[in-house]
There are 2 protein chains.
Amino acid sequence: MAVSTSTSPPAVSGNDTGETMCPHRLVLEHVTSRWGVLVLIELLDRPYRFSELRRAIGRVGKGVSEKMLTQTLQTLERDGLVHRDARPVIPPRVDYSLTDLGREAAEQVRGLAEWTQRRMGAVQEARERYDVRKAAAAQG
Amino acid sequence: MAVSTSTSPPAVSGNDTGETMCPHRLVLEHVTSRWGVLVLIELLDRPYRFSELRRAIGRVGKGVSEKMLTQTLQTLERDGLVHRDARPVIPPRVDYSLTDLGREAAEQVRGLAEWTQRRMGAVQEARERYDVRKAAAAQG
DNA sequence: CGGCATCCACACAGATACTG
DNA sequence: CAGTATCTGTGTGGATGCCG
């Protein structure tokens, strides 16, 4: 039967088990979730179709499984960040885009991503220093 | 014997298995990781001691296990975002604070968190609309 | 093509015990 | 107090196969 009482999407990251937790924490988890981040950033450029989005994300790094992309999009749609436009044609065509709300979130996320790229060098150096210090300490 | 060739911390989130992945993606994952986000935000206020930080995070939501906090802090330290100041006293005292680099990241993250809080209402409404639509569609 | 259902592996995350 | 080490359960996330 599948459907049962299970409403909402499986939730991208973390358990939405209705715990004693401030609700905005959950939204934050959705937005900062592994694929949520990337989806928002990609959609900031322009609307994407499902597979197109999948490929676009795959391009950046390792790639997202179709299941995870579906989950992520559903969660973001439910939170009102992503708009889903399903056209009843054959073959099916579904376009995803940011809502105004989603655009706000995505811009924040993009800021973070851009910072990461800008400062990557500094992070690399810090890592090397850390590793060297660790190695030395292991000897000492 | 434990140490072996495994250098660096276990990595907060995602597998740092040395895949074919842009390095900045990893940093982004660290920063946006479940506890990384919260740690950075808390440390933006002031330095914290280990347990103090643990309690501070527990206050906001469900709470972080000591193990996860350790892991998160180590990862962020390695990336050069967090400074660890261990004093050789008894009882031990370790203070964690943001580096300049970390402060930049934390401010980005805080921006995101603040946005989430501001827009929580809109998200809630969107969710209700979504759920209603879904319920209606299920009836068909 | 877009999405859902099922199965499964593995890493994340918790509990516990121990060290400095 | 601030970790480390180990053992274990659970859930995330991936692969596959089937529907609209």
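Remember, predicted model here, so these are calculated numbers, not experimental data. Below, read A as the first sequence line, B as the second, and so on, with proteins coming before strands; counting in each chain starts at 1.
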Which one, D:dA2, C:dC1, D:dG13, comes nearest to the side chain of A:Ser51? C:dC1

Walking DNA chain D from its 5' end, the first of A:Pro92 and A:Lys67 to be reached, judged by nearest nucleotide, is A:Lys67

Rounded distance in Å - CG (B:Leu73) to P (D:dA2): 11 Å

Of the listed nucleotides C:dA13, D:dG3, D:dG14, the one nearest the side chain of B:Arg34: C:dA13

Among B:Thr75, B:Thr72, B:Leu76, which residue satisfies the side chain to side chain contact (heavy atoms under 4.5 Å, CB included) criterion with B:Val82? B:Leu76

Output yes when at least one side-chain N/O atom of A:Arg87 is less than 4.0 Å from OP1 or OP2 of C:dG2, else no. no

Closer than 4.0 Å, any side-chain N/O of B:Gln74 to the OP1 or OP2 of D:dT4? yes

Which distance, rounded to the nearest 0.5 Å, do you find between the CG of A:Asp79 and the CE of B:Met120? 7.5 Å

Grab the CZ-C1' distance between B:Arg54 and D:dG3 for me, whole Å please. 12 Å

Within the 4.0 Å heavy-atom criterion, would you say B:Arg84 contacts the bases, only the backbone, or no part of the nucleic acid? sugar-phosphate

Expected output: side-chain B:Thr116 to main-chain A:Val27 donor-acceptor under 3.5 Å: no

I need the NE2-P distance between A:His30 and D:dG13, as an integer number of Å. 12 Å

May I have the distance from B:Leu69 (atom CG) to C:dA15 (atom P), rounded to whole angstrom? 14 Å

Looking only at side-chain N and O atoms, does A:Ser65 come under 4.0 Å of OP1 or OP2 in D:dG13? no

Between C:dG2 atom P and A:Glu77 atom CD, what is the distance in whole Å? 15 Å

Integer-rounded Å distance: C:dA11 P and B:Leu26 CG: 15 Å

Roughly how far apart are B:Phe50 CZ and B:Arg84 CZ, rounded to 0.5 Å? 9.5 Å

The nucleotide from D:dG14, C:dA13, C:dC1 with an atom nearest the side chain of A:Met68 is D:dG14

Any side-chain N or O of A:Tyr96 under 4.0 Å from OP1/OP2 of C:dC1? no

note: B:Glu66, atom CD; C:dT19, atom P; distance rounded to Å ~ 15 Å

Within the structure, does a side-chain N or O atom of B:Arg93 lie under 4.0 Å from either OP1 or OP2 of D:dA2? no

Expressed in angstrom and rounded to an integer, what is the separation of B:Arg55 atom CZ from D:dA2 atom C1'? 12 Å

How far does CD of B:Glu52 sit from CZ of B:Arg46, to the nearest 0.5 angstrom? 4.5 Å

